[in-house]
Every structure is written in C-alpha cells, then in structure tokens.
Amino acid sequence: MELHQRIVSAPVDFGAIRSEFGLASDYPAEAVSEARDAVDAFAGTRVDRTDIEFVTIDPPSAMDLDQALHIARTPTGFTLHYAIADLGAVIVPGGALARESEARGQTFYLPDGNVPLHPTVLSEGTASLLPGVDRPAALWTIELDDKAVPQSFSVTRALVRSRERFDYAQVQAAAETGTLHPSLIALPEFGRLRIEAGLDQGAISLRLPAQDVVRHGDNWRLELEPRTAADDWNEQVSLLTGMCAARIMLAHNGTRIGLLRTMPPPAESAIASMRRTAAALGVSWPADMPVGRLLAGLDANTPAGLVLMSEATSLLRGAGYTMLGDLDQPTEDQLTHSAIGAPYAHVTAPLRRLADRFTTEICLAHCAGTEVPQWVVDGLGPAAETLRRTDSVAGKVDRACVDLTEATVLAARIGTEFSALVLREANGSRPAEIFVADPPILGRCEGKPPEGEHVSVRLAVADVATRTIAFEYNGHTGH
C-alpha cells in the first residue's frame, strides 16, 4: 500500500472546537502591554556570541522560533551551540504576563491558527530567534566525542544572532545535494550517531504516518505529514539538550529542585504481545534484540512495519512530569523517560511550553553556581500541574481537529468502498483499527478483518456533529 493522498477537501469550521475546550485567543490587555514593553533583565551581563553563525530549522509558517543551532566537527568530535529563547529574562515574575502564561501552560495548535502561550508580539516578535536581529538567549554549549557522546555541557545567558531560517524540507534537500549551510554540515553525521546512541540505551521511536489538516484555498484537506531524515537529526539536538539538562538537575539533586519529563518502562505483557504479532507476521525478532532496534529496522511503508509500529504505541504510555522534590529515594525507572532511554527534561521550547522557562532557569543557576530564583522554587510545582492538565487538552484538541476534518471530508461518501490495511484486529469490544491511504485515515472498522492484511472496507458512518467515522469490513482486496 502506497502512503499517499489525493486532494480531498471541504470547508471546516474549527470554532466549535475552540469553544468546546475553552481556548480563548484574546490575551488580557495588561499582559499584552507587559509583553510589548518587555526588556532583557540581564542585558548588562550577557556574553556576546553574535559571532556564532546560528540558523533555525522550523516548519515553513512558524514564527515562534525557540531554537537556533550551530554544530561543527572538531578534531575530537563535535561542538554543538544551541541557543534557546530566554523567556526568563523578559517575563516579570508575578506580573500579569507571568500569571496568564502560567494559566495557559502551552500553545495550542489548530489548523486555522494557534492559541499562543504568550502574546504574539513576544513569541513571534521580540523573543523569537528570527534571523538578522540580536536576541537574548540561554546558550547551551555541548562538547561531544567522535561517537557524539557528550563529554561536557553547560548553559549561560548570551546575546545571539541567527543568520538564516530553514524548514525541514530545505535542510533535507541541501543534505542530499551537498549544499548544507556551513553551520549544519555536521548535522547529518551527528544526527545518525545520536540515533544510534539512543538505540544503544533502549530508545523507542515510532514512524507511523501522521495525519495533518492542511488549508487548500478556502477548504481543508487531510494529508500525511512528511517525515524527513532532517526532522530526525534536528530532533536529536533537542533530545540531547534535554538529557544534558536532566543530568545537571540530577547532579544538584541535593537542592531537590528540578522537573523531569518521564515515562515508565513498557509492560512486559505489551512486549510479549508484540512478539506474538511479529511472529504471526513472519517478522524475525531475535530474543536479545530490544524493541527499539526492531522498530528502527522496520520499513513503515510495509504492512508488517505499520502493524508493529501501531501496536508499539501501547509501549509508550504514562508520560508525565516528575518533581525531584517529590522523590525521597528515586529509582532509575522513576527518573527515566523510557522512550528516550535516559533522564530527560523539557528546556528547548519556552515560547510554546511553560515548563521550559522554569527548567532553563534551574540549569542556568546551577551552571553559574548561584541560587535558583525564588519564583522558580515557588512556581515549579504549579507549572508542572498546569502542564499535566494542558497536555491532556492539547492531545484532545489535535484529535478533535483531525476527527472533524475526516467526518467533513467523508460526509458525502457514505457507502463508498475503500482499500485499507488492518493495523489491529478486533479484540473483544474494541473494533479493528485500519489505515486508509486515500484519503489518509486512521479509523475503526466493524467486523473481523485479519490483522496485517489488505482489505476492502465500506464507509458506514461519517457524522460531522459527533466527529465520528466508522467502516465495515467487506473482504480481502486480493493484494
């Protein structure tokens, strides 16, 4: 089955979803005023690193640019400079802007526009690492060996200037033609080595097709979101920085101030179930091979690859935020993010996620040998609670937008037959799960279609009011 999509579009109104989840875009006037008048509280003490030729890699339409990077090969390995927008320097603790952002928790992304964590005058303007302008940043410097294993790392406040902005497709194309920007020439090698290091420590990465809702004129269509190797390389920069941040906080655990992003290890029963599925599909899985290695070697464009990656989502559950002060004698499992295979902290997206402003401030203080600011000590727990709440909301909003678009696009096609791949067979009261490539739909299917097989299904339900779709099993397609 080819993972492609035909242009199928329809008018969709996402306003009801905004209302349902209480997503108010309007910011209080006092908070907007503070954002407009924000100044760098550390302007006089920053190290000037505008000499480093930073660049950014983001989606094409993004304006809230949290990160800028420069990576270079050295005689002994790599040097990574990673500049992160310094929100702790421009948001006044206890002010109207701080209170509003601490209530919102994160930016919510909808197809027709964002509901931002901060006013756009700040997040897409004076605090964003846009090219050609000086910006305050928390600058990470990470020295790595030839295997891209970090040997030293620290973060300090700096003044930086990004030179150019790229999107993932541009970086991928430049890598393939050997025309990468000088600041990114070492990125592919670094990324591949870091991916390999992650697999060595048990990391689990899924490459399932991701549905995206994209504007098409006045209408909206469903597409499969492209995933390039450049996405993976850039992701490794952020993951590495988060792991270094976690190590800094854990090295100073006597302060009991820190916030990790954690995930418990997969249940043995879930791995055993995956092994049975792999055997049924004829996929070789040696007894000593970790699940992450198995998934990394699968082709997501094959039925077996899609089925196993779909089942592997059951391994990656229970992600949360763990306060170091809540753990008296923490175990390794309590401190680790099992999908990453190491302790990890969010520090690289402060324009879009509340936790990063607090955790960055903790790391800055530890690296400078100073006390963690009291506003961080007092606000860390409430910030973690806000993120737990809003993470759940963000997931529901994403799903609601896709569900609404699916139902709208398919509303006029009830009774139509589609070719589908069965990702999971029915299990008790749980219906089967299928993937339809044209248009790209992940949905449920009544009946008992066989797992891993290409089948014919009929669209039975496409209800815009309830945002639900359902298919019925027709039989094998003969593939």
Salt bridge (charged side-chain N to carboxylate O under 4.0 Å, His left out) between R399 and E406, intermediate numbers included: CA-CA 10 Å; R399 188 65 250 171; E406 287 180 341; 3.7 Å; yes

Validation row: D86, T360 side chains within 4.5 angstrom (heavy atoms): no

Side chain R104, main chain H118, donor-acceptor under 3.5 Å: no

Side chains of D356 and L87 in contact at under 4.5 Å (non-hydrogen atoms): no

Y344 and H337 aromatic ring geometry - parallel, tilted or perpendicular at 30°/60° bounds: perpendicular

No-hydrogen, no-angle side-chain donor-acceptor test under 3.5 Å, Y168 and D58: no

R215 vs D112, salt bridge (charged side-chain N to carboxylate O under 4.0 Å, His left out): CA-CA, chis, key distance, verdict: CA-CA 8 Å; R215 188 184 292 276; D112 62 348; over 6 Å; no

Verdict with supporting geometry, R18 and D13, salt bridge (charged side-chain N to carboxylate O under 4.0 Å, His left out): CA-CA 10 Å; R18 293 169 181 269; D13 180 10; over 6 Å; no

Test log, rule side chain to side chain contact (heavy atoms under 4.5 Å, CB included), inputs E235 and R194: CA-CA 10 Å; E235 180 183 61; R194 287 303 308 165; over 6 Å; no

Check: S273 side chain, S269 main-chain N or O, donor-acceptor pair, under 3.5 Å: no

Straight-line distance of M289 CE to L294 CG, nearest 0.5 Å: 6.5 Å

For the student: nearest non-hydrogen atoms of L306 and A300, plus distance: CG-O, 3.1 Å

R99 bridged to E102 by N-O distance under 4.0 Å: no

Audit row: C401, I17, side chain to side chain contact (heavy atoms under 4.5 Å, CB included) steps and yes/no: CA-CA 7 Å; C401 289; I17 294 175; 4.0 Å; yes

Y473 side chain near E446 side chain, heavy-atom distance below 4.5 Å: no

Considering all heavy atoms, the nearest L240-L80 contact: CD2-CD2, 4.2 Å

Side chain N427, main chain R430, donor-acceptor under 3.5 Å: no

Minimum heavy-atom distance A85-A127, with the two atoms named: CB-O, 3.5 Å

Check against side-chain hydrogen bond (donor to acceptor under 3.5 Å, both in side chains), R357 and S101: CA-CA 11 Å; R357 172 157 55 97; S101 65; 3.2 Å; yes

Donor-acceptor pair, side chain of E433 and main chain of R444, under 3.5 angstrom: no

Contact check, side chains of T386 and L354, non-hydrogen atoms, under 4.5 Å: yes

Pairwise distance CD(E451) to CG(L421) - rounded to 0.5 angstrom: 9.5 Å

NZ/NE/NH1/NH2 to OD/OE distance under 4.0 Å, E223 and R221: yes

Check: P116 main-chain N/O paired with T120 side-chain donor or acceptor under 3.5 Å: no

Backbone N/O of V213 and side chain of T405: donor-acceptor pair under 3.5 Å: no

Heavy-atom pair with the smallest gap, counting every atom of A35 and V121: CB-CG1, 3.8 Å

Heavy-atom donor-acceptor pair, Q170 side chain to D167 backbone, under 3.5 Å: yes

More than 12 heavy atoms from other groups under 6.0 Å of CG on D218: no

Carboxylate-amine/guanidinium proximity below 4.0 Å for D66 and R353: no

Salt bridge (charged side-chain N to carboxylate O under 4.0 Å, His left out) evaluation trace for K396 with E20: CA-CA 11 Å; K396 293 174 182 176; E20 178 181 338; over 6 Å; no

D231 side chain to T228 side chain, donor-acceptor N/O pair below 3.5 angstrom: yes

Flag side-chain contact, heavy atom, 4.5 Å: L187 against I57: yes

Under 3.5 Å side-chain donor-acceptor pair for S238 and Q67: no

Any donor-acceptor N/O pair, T302 side chain to G305 backbone, under 3.5 Å: yes

R424 and T313 side chains, donor-acceptor separation under 3.5 Å: yes

T241 and T348: side chain donor to acceptor below 3.5 Å: no

Chi angles and distances behind the side chain to side chain contact (heavy atoms under 4.5 Å, CB included) call for T322, R261: CA-CA 6 Å; T322 298; R261 181 66 165 165; over 6 Å; no

Flag side-chain contact, heavy atom, 4.5 Å: Y321 against T262: no

Which atom of E100 lies closest to which atom of Y27, heavy atoms considered: CG-CE2, 3.1 Å

R192 and F190, any side-chain heavy atoms less than 4.5 Å apart: no

Interatomic distance, H181 atom NE2 to F54 atom CZ [nearest 0.5 angstrom]: 12.0 Å

Minimum-distance pair of heavy atoms, taken over all atoms of P449 and E425: O-CB, 4.0 Å

Salt-bridge criterion met for R275 and E268 (N-O under 4.0 Å): no

cation_pi(R458, F471) dist<6.0 Å, angle<=45: no

Distance in Å, T416 OG1 paired with L410 CG, rounded so as to fall on 0.5 Å steps: 8.5 Å

Option from T56, I84, L184 for which side-chain contact (heavy atoms from CB on, under 4.5 Å) with L69 holds: L184

Within-4.5 Å side-chain heavy-atom neighbours: R352 and L117: no

Evaluation steps, side chain to side chain contact (heavy atoms under 4.5 Å, CB included), between L324 and I257: CA-CA 6 Å; L324 294 184; I257 302 170; over 6 Å; no

Backbone N/O of A342 and side chain of T336: donor-acceptor pair under 3.5 Å: no

R293 side-chain N/O to D288 backbone N/O, donor-acceptor pair under 3.5 Å: no

